[in-house]
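Source: prediction; values computed, not measured. Throughout, residue positions are numbered sequentially from 1 according to the sequence presented.
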Amino acid sequence: MDGVHRVHGTSTAGGLVRDHLGRWLTGFGMMFGSCSVTVAELWGLYQGLQLAWNFGIRKLKVETDGLCVTQLVARPSITPNEYALLIQAIKDYLSLDWQVSLSHIYIEANFAVDYMTNLVFSIPLGSMVYPTPPLGVRPFLLHDSYGVSYPRSVVL
């Protein structure tokens, strides 16, 4: 799952669900108005959990490049803040009768989800479910399943 916030104020979230062999099961994208990247990533996690649960998946490994999100959700208690209700909704999904692991991965190993998140900038406000992979994401699915990552470009 992933979330993106662009300078002009638009935010998106996206994700995909694959089986244990890396095959596409479903994907999603959400377009928001203005919100922080943390809120977008939390919404992406919530939507991804909801989609996986409704798809009938009962053993799920969630990978996100949002380290802040994994830390917020892992805390045993929820601090009252702007994220509290959304974090509680995520924890409610995590407490259902299924096995879910949540882990942080680097963005360089998450290109398929990054593509899905950026693809959503082309739709109006709202959410979209992709029962089949969009054409542009297919090469990234292969790269991610083979463990291909790309070096990060850093300007000093």
**Student:** Within this structure, what is the CE-CE distance for the pair Met116 and Met30, rounded to the nearest 0.5 Å?
**Tutor:**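 Going from CE on Met116 over to CE on Met30, the span is 13.0 Å.
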
**Student:** Take Ser36 and Tyr83, measure what side chain to side chain contact (heavy atoms under 4.5 Å, CB included) needs, and give me the verdict at the end.
**Tutor:** CA-CA 11 Å; Ser36 70; Tyr83 314 124; 4.1 Å; yes

**Student:** Look only at the side chain of Ser11 and the backbone of Cys35, and say whether a donor-acceptor pair between them is shorter than 3.5 Å.
**Tutor:**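 Answer holds: yes.
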
**Student:** Does some side-chain heavy atom of Leu72 sit less than 4.5 Å from a side-chain heavy atom of Thr38?
**Tutor:**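 Thr38 vs Leu72: side chains touch.
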
**Student:** Between Phe28 and Tyr130, does the ring centre distance come in under 6.0 Å?
**Tutor:**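 No, too far apart.
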
**Student:** Measure from the side-chain N and O atoms of Lys61 to the backbone N and O of Leu102, and report whether any donor-acceptor pair falls under 3.5 Å.
**Tutor:**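 Not confirmed, Lys61 side chain does not pair with Leu102 backbone.
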
**Student:** Could you grab the distance from atom CD of Gln88 to atom CD1 of Ile78, nearest 0.5 Å is fine?
**Tutor:**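 One finds 4.0 Å between CD of Gln88 and CD1 of Ile78.
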
**Student:** Give, for atom CD of Gln50 and atom CH2 of Trp43, the distance between the pair rounded to the nearest 0.5 Å.
**Tutor:** 8.5 Å

**Student:** Report yes or no: do Val120 and Leu125 belong to one cluster of Ile/Leu/Val/Met/Phe/Trp/Tyr joined by side chain heavy-atom distances under 4.5 Å?
**Tutor:** yes

**Student:** Can you give me the closest heavy-atom contact between Leu119 and Ser122, atom names plus distance?
**Tutor:** O-OG, 2.7 Å

**Student:** Closest heavy-atom contact between Leu16 and Ala112?
**Tutor:**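 Result for this residue pair: CD2-CB, 3.7 Å.
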
**Student:** What is the minimum heavy-atom distance between Gly136 and Pro139, and which atoms define it?
**Tutor:** O-CD, 3.5 Å

**Student:** Minimum heavy-atom separation for Ala13 to Ala40, with atom names?
**Tutor:** CB-O, 3.3 Å

**Student:** So how far is it from Gln99 CD to Leu60 CG, rounded to the nearest 0.5 Å?
**Tutor:**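 The CD atom of Gln99 sits 10.5 Å away from the CG atom of Leu60.
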
**Student:** Determine whether Leu49 and Val62 make a side-chain contact, defined as any pair of heavy atoms from C-beta on separated by less than 4.5 Å.
**Tutor:** yes

**Student:** Could you pull out the closest heavy-atom pair between Asp97 and Arg58, with the gap in Å?
**Tutor:** O-CD, 3.9 Å

**Student:** Answer yes or no: is there a donor N or O on one side and an acceptor on the other, between the side chain of Trp53 and the main chain of Leu96, under 3.5 Å?
**Tutor:** no

**Student:** A side-chain contact here means heavy atoms from C-beta on lying under 4.5 Å apart; do Val129 and Thr26 qualify?
**Tutor:**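 A side-chain contact exists here, since the closest heavy-atom pair is under 4.5 Å.
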
**Student:** Search all heavy atoms of Val73 against all heavy atoms of Lys91 and return the closest pair with its distance.
**Tutor:**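 Closest heavy-atom pair between Val73 and Lys91: O-NZ, 2.9 Å.
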
**Student:** State, with a plain yes or no, whether a side-chain heavy atom of Val69 is found less than 4.5 Å away from one of Ile90.
**Tutor:**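 Answer no - side chains too far apart.
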
**Student:** Is it the case that over 12 heavy atoms from other parts of the model lie below 6.0 angstrom from the CG atom of Leu67?
**Tutor:** yes

**Student:** Is NZ or CZ of Arg138 both nearer than 6.0 Å to the six-membered ring centre of Trp24 and within 45° of the ring axis?
**Tutor:** no

**Student:** Are the side chain of Ser34 and the backbone N or O of Thr10 linked by a donor-acceptor pair below 3.5 Å?
**Tutor:** no

**Student:** Is Pro133 close to Leu141 at the side-chain level, that is, under 4.5 Å between some pair of heavy atoms?
**Tutor:** yes

**Student:** Rounded to the nearest 0.5 Å, how far does CD1 of Ile57 lie from CG of Leu51?
**Tutor:**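 One finds 7.5 Å between CG of Leu51 and CD1 of Ile57.
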
**Student:** Atom CG in Leu42, atom CG in Leu86: separation rounded to 0.5 Å?
**Tutor:** 5.0 Å

